[in-house]
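Taking it in order: structure first as structure tokens, then the write-up.
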There are 2 protein chains.
Amino acid sequence: MAERKPRNSATGRVTLADVARALDISAITVSRALKTPERVSPVLRERITQAVRQLGYRPNHAARALATARSGNVLVLVPSLTNEVFVDVLGGIHDELQPRGMQMLIGNTHYSLREEEKQLEAFLGHAPDGILLSGLDHSPRTQALLAESRLPVVTMMELDNAADSRSVGLSQRAAGQAMTRHLITRGYRRIAYVAAQGDPRTRQRAEGYRAALAEANLDAREIWLETPSSVGLGATLLTELLAQHPDCDAVFCCNDDLAQGMLYECQRRGIAVPARLAIGGFNDLAASAWTHPALTSIATPRYDIGRQAARMLCAAIDNQEAPRALDLGFTLMARGSS
Amino acid sequence: MAERKPRNSATGRVTLADVARALDISAITVSRALKTPERVSPVLRERITQAVRQLGYRPNHAARALATARSGNVLVLVPSLTNEVFVDVLGGIHDELQPRGMQMLIGNTHYSLREEEKQLEAFLGHAPDGILLSGLDHSPRTQALLAESRLPVVTMMELDNAADSRSVGLSQRAAGQAMTRHLITRGYRRIAYVAAQGDPRTRQRAEGYRAALAEANLDAREIWLETPSSVGLGATLLTELLAQHPDCDAVFCCNDDLAQGMLYECQRRGIAVPARLAIGGFNDLAASAWTHPALTSIATPRYDIGRQAARMLCAAIDNQEAPRALDLGFTLMARGSS
DNA sequence: ACCTGTTATGTTAGCGCTAACATCGTGACG
DNA sequence: CGTCACGATGTTAGCGCTAACATAACAGGT
């Protein structure tokens, strides 16, 4: 007859106490064998390991969290879950937390400071051990909640100069400048900047764009929309661009979604890229290297931003000394579209 | 002078007991005022609400989970976090769980049954209240763990006939058949099927493809790769296709990533789409409607699959009667590429 | 006046785990 | 051979919350 798994009567789960009872030892010893094996004698440790496996014991995180005042949760607030950029960031965070047995709680702020505030409020009840935020722009109440929580916070995507803050990202301004300089170097002179979803990073890229134009004594041509960014919107924006600035010979799109949409619309209308109009994007999405022509873009280290931010946060949680600002840079991917 | 927030000495957090103490009532009454307000007199309820707000009390989920044996967590296992398909599914789940105060725990199985097993094992310690799985294909140990856990499980993407299971999805076979019939209707006769990342859904679509060809007495031409699917791979596969089946006049790609890659490669080589080669994809990704020509595809209700699966799971968790299989269908998006 | 039922609140105990402090050997050393 | 240090294990208590069972107060019916 098969062995019966003893189950704690109350909840039907196998608990530490069940394992301890089976071996006629105390629960704390089992606990130690799992958390700090070196503090249990090898013989007993081995017996415990076997019993754990045989009974199918699985530690209960809620109980552990309650006893240790450590939840193993990290709150991650991102502005979008459909944007490839943040999906990659989440991937990096995930891969860094996983081996430490920690868990992400993901909140989607939909590019809204108000929504960010609400998410933060709701998630604080999960007693996260730390918080990963996107960008530097936050509402006063968000900042107050963060300060009150006294939890370590790491900001992703942008860089923060403040001494008491932590951030992992890149200079969006420098990247915008690099792309514009590239277009100038390639001989374009009437360069437009097109932006949707006016978030802070989009604005910083625009600053870089203006700086580069100023260096070369060129005029700016900008189109700003508040609509959420998408490939479809890129098509619309090409129309807008040709209407407002018919003379322009290059366009720097604030992200690759818009750039791809513009490229497709150019193909549709028979506008030669890059002969009649050069296109530059931002983020270097997976598909951008494969369009025809391939899209010139700024590759951002999204996965690594997530990873390093998570690592920095874990260091902070463990009160370890660690650098507080990490500039992971960017790479200009000069391709056929310019 | 500003009021001091009383804090529980042990962990520095404001607890139920702190709120109760401030009002000189018992903790359970505060608990009731929050969970079942109708069981507390209106006057007291109001005072409690105020005190809660003023002290900044935030319920501790770990303690609640421990006391109620309900974690409020739902485990979600998906094969990929970069694939737009699953990102959309997760969005639907998120939106359904959020208002119930429940939380997703996301595990990435990387299209591996072995990995799925490991993830499941690790996450069972979080004591999820239910599990959302992708697809019907699972390792024996995964099935054993699921059975042993006695947790409600809902399968997403595919449909399950078994009476004791729950599933929300669509007939991948029927969808594959619909696409192939469409190509036949449009006059194509030498239709190829190209697949990467040979997961079960890819295989079911192929079955539909073969069935449709058989109906019309046409021959199958298939190319299978185990490599993970990507836009870049689509370009490679076009080369492969032209080499292996130079006569083919239409290609049904197992997903839109491949289809887009093929389209771009056709543009690059000057192969006319759809005149020389028609292209059909699967999933109808956001960009597919905007390429030139726009991509014919099968639109799958990914967001709704996530939503309905989450809803079905919640019903099961609450022991409510509910349908156990939900076919959300698909839509053929006939566009310029065919 | 008594019982009954109902509503509002309180008491007790326990969910599963671990921190902090015992306790009990055992061997090293003077 | 006593003392001390140290390693291995145990005891106790409590993390924050809520289920389950009191208790109290009061209205209404007989």
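Basis for what follows: all heavy atoms, side chains included, without hydrogens, waters or symmetry-related copies. Each chain gets a letter, A, B and so on, in the order its sequence line appears, and its residues count up from 1.
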Whole-Å distance separating the CG atom of L66(B) from the C1' atom of dG14(C)
9 Å
Taking for each residue the nucleotide of DNA chain C bearing the nearest heavy atom, is the 5' side occupied by A67(B) or by P42(B)?
P42(B)
Check: D160(B)/S167(B) side-chain N/O donor and acceptor closer than 3.5 Å:
no
Quickly work out the I48(B) CD1 to dA8(C) C1' distance and round it to whole Å.
11 Å
Whole angstroms only, please: what is the CG-P distance between D24(A) and dT11(D)?
10 Å
Figure out the CZ/C1' separation between R39(B) and dT18(D), and round it to whole Å.
11 Å
Hydrogens and angles aside, do T109(A) and S112(A) bring a side-chain donor and acceptor to less than 3.5 Å of each other?
no
Calculate the interatomic distance between H61(B) atom NE2 and dC15(D) atom C1'; express it in whole Å.
16 Å
Against the side chain of T15(A), the closest entry in dC17(C), dT11(D), dT18(D) is dC17(C)
For Q143(A) and H138(A), which heavy atoms make the closest approach, and how far apart are they?
NE2-O, 3.6 Å
The side chain of R32(B) lies closest to which of these nucleotides: dC15(D), dT9(C), dT18(C)?
dT9(C)
Integer-rounded Å distance: dA8(C) P and R47(B) CZ:
16 Å
Side chain of A63(A): nearest nucleotide among dG10(C), dT11(D), dG16(C)?
dG16(C)
For E321(A), does the CD atom have more than 12 heavy-atom neighbours from other residues, nucleotides or ligands under 6.0 Å away?
no
In whole angstroms, the gap separating P of dT9(C) from CG of L34(B) amounts to 14 Å
Does a salt bridge link E121(B) with R58(A), judged by any charged N lying under 4.0 Å from a carboxylate O?
yes
Among dA20(C), dC17(C), dC17(D), which nucleotide sits nearest the side chain of L16(B)?
dC17(D)
When you check the phosphate oxygens OP1 and OP2 of dG16(C), does a side-chain N or O of R13(A) lie under 4.0 Å from one of them?
no
For R70(B) and dC17(D), give me the distance from atom CZ to atom P, rounded to whole Å.
19 Å
Classify S26(A) by what it touches in the nucleic acid, base, sugar-phosphate, or nothing, heavy-atom distance under 4.0 Å.
base
Among the candidates dG10(C), dT9(D), dC17(C), find the nucleotide nearest to the side-chain atoms of S41(A).
dT9(D)
Using the criterion of both pairing distances under 3.5 Å for Watson-Crick and G-U wobble pairs, give all stems of 3 or more consecutive pairs involving DNA chain D.
C:1-30 with D:1-30
One thing to verify: whether D18(B) and R21(B) come together as a salt bridge, which I'm taking to mean a side-chain N less than 4.0 angstrom from a carboxylate O.
yes
The side chain of I28(A) lies closest to which of these nucleotides: dT18(D), dC17(D), dT18(C)?
dT18(C)
Correct closest heavy-atom pair for L55(B) and V19(B) would be CD1-CA, 3.8 Å
Nucleotide nearest N60(A) (side chain, heavy atoms from C-beta), chosen from dA19(D), dG10(D), dG16(C):
dG16(C)
Shortest non-hydrogen pair, L23(A) vs A51(A), comes out as CD1-CB, 3.8 Å
Kindly point out which of dC17(C), dG16(D), dT9(D) is positioned nearest to the side chain of T29(A)?
dT9(D)
Judged by each residue's nearest nucleotide on DNA chain C, which is more toward the 5′ side, T68(B) or K35(A)?
T68(B)
